[in-house]
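What follows is a set of notes on a single structure, which appears directly below.
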Amino acid sequence: MQKLTVRFFERPTVEVARSLLGKILVHDSEAGVAAGRIVETEAYLFHDDPACHAARGKTNRNAAMFGPPGTAYVYLVYGLHYCFNVVTGKAGEGEAVLVRSLEPLSGLDLMAFRRGNPKTRLLASGPGRLCQALGIGKSQNGADLSAGSLFLAGDGYPEAEIITTGRIGITVAAGLPLRFYMAGNAYVSRK
DNA sequence: TGGCAGATTTTA
DNA sequence: AAAATCTGCCAA
């Protein structure tokens, strides 16, 4: 299993969003290891994308987005759920890929415990659920994904067909084709 | 099964 | 006041 390096993340954001599908997100925490295959992502861009948190400048919340590629950007939505993003592209621009859904691979018991024992399909399907299942929160915001206990890896999983749609849960720029998911995968949050 | 309100931080 | 969400409760 090959850990993804800065090289992977410094490519154009849409390219990273697409090639993250099939890769593995791992959190090796005190409680144990939890990991899943990425099956759904969204890109948030520097140019002409009002839905991007960085579009209205740097704030305390989105500061990590302006860091170097390979940085984790974790923020709170609606006051109670966390969302996990990977900073991509060039440092200072504020582009990122939101990881929306995982197919659980290992640490299923730990994930289920953290999530309150839902059905396996709902363990990490959706950005808030994924963070809860892997134990990702405020303390991972700004983390270097190429060095720490939270990281991404590739295992040679064969490339699957990718479906492109508009992004979910936003009202502005919802029509831009910046959401990507693996065709036919049961863990995609919605079609 | 499907729709809706509520939870609660951050920012404008 | 609205947001890159999820859950439980309600009605049919």
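Convention: sequence-line order gives letters A, B, ...; per-chain numbering from 1.
A donor atom on one side chain and an acceptor atom on the other are not found under 3.5 Å apart for A/Gln132 and A/Arg114. One side chain, A/Glu103 or A/Asn185, offers a donor N or O that lies under 3.5 Å from an acceptor on the other.
With rounding to the nearest 0.5 Å, the separation of CD in A/Glu95 from CZ in A/Phe66 is 10.5 Å. Distance check, rounded to the nearest 0.5 Å: OG1 of A/Thr164 to CZ of A/Arg179 gives 10.0 Å. A distance of 6.0 Å separates CG of A/Leu130 from CG of A/Leu25, quoted to the nearest 0.5 Å. Atom CG in A/Leu20 sits 11.0 Å away from atom CD in A/Glu15 (nearest 0.5 Å). Atom OH of A/Tyr157 is separated from atom CD1 of A/Ile38 by 12.5 Å, given to the nearest 0.5 angstrom.
The aromatic ring of A/Tyr78 does not sit over the base of B/dA7, since the test of centres under 5.5 Å and planes under 30° is not met.
Residue A/Arg129 has a polar side-chain atom (N or O) positioned under 4.0 Å from OP1 or OP2 of C/dT7. Checking the phosphate oxygens (OP1, OP2) of C/dT7, a side-chain nitrogen or oxygen of A/Arg115 falls inside 4.0 Å. A close approach under 4.0 Å does not occur between any side-chain nitrogen or oxygen of A/Thr59 and OP1 or OP2 of B/dT10. A close approach under 4.0 Å does not occur between any side-chain nitrogen or oxygen of A/Arg179 and OP1 or OP2 of C/dA4.
Separating the CZ atom of A/Arg56 from the P atom of C/dA4 is a distance of 8 Å, rounded to the nearest angstrom. Regarding A/Glu95, its CD atom lies at a distance of 17 Å from the P atom of C/dA4, rounded to whole Å. If you measure from atom CG of A/Leu122 to atom C1' of B/dT1, you get 14 Å, rounded to the nearest angstrom. A/Lys58 has its NZ atom 14 Å from the P atom of B/dA12, to the nearest Å. Between A/Ile136 atom CD1 and C/dT5 atom P there is a gap of 16 Å when expressed in whole angstrom units. Protein atom CD1 of A/Ile168 is 16 Å distant from nucleotide atom P of C/dA3, rounded to whole Å. Counting to the nearest Å, the P atom of B/dG3 and the CZ atom of A/Arg190 are 11 Å from each other. Summarising the geometry, the separation between NE2 on A/His53 and C1' on B/dT9 is reported as 12 Å, rounded to the nearest angstrom.
Both A/Ile170 and A/Pro118 lie close to DNA chain C; mapped to their nearest nucleotides by heavy-atom distance, the more 5′-ward contact belongs to A/Ile170. When each of A/Lys138 and A/His81 is assigned the nucleotide of DNA chain B bearing its nearest heavy atom, the one mapping closer to the 5' terminus is A/His81.
Side chain of A/Arg61, nearest nucleotide from B/dT11, C/dT7, C/dT5: B/dT11. Side chain of A/Leu80, nearest nucleotide from C/dT5, B/dA12, B/dA7: B/dA7. Among the nucleotides C/dA3, B/dA12, C/dT5, the one closest to the side chain of A/Val77 is C/dT5.
Distance noted for atom P between B/dG3 and C/dA4: 22 Å (whole Å). Nucleotides C/dA2 and B/dA5 have their P atoms positioned 14 Å apart, rounded to a whole Å.
Checked by distance alone, A/Tyr75 brings a side-chain donor or acceptor within 3.5 Å of a matching partner on the base of C/dA4.
Among the heavy atoms of the strands lying under 4.0 Å from A/Asn60 are primed sugar atoms or P, OP1, OP2 only; no base atom is included.
Pairs of Watson-Crick or G-U wobble type, with distances under 3.5 Å, assemble into runs of 3 or more in DNA chain C at these ranges: B:1-7 with C:5-11, B:9-11 with C:1-3.
The side chain to side chain donor-acceptor pair (under 3.5 Å) test with A/Ser101 singles out one residue from A/Glu40, A/Arg190, A/Arg37, and that residue is A/Glu40.
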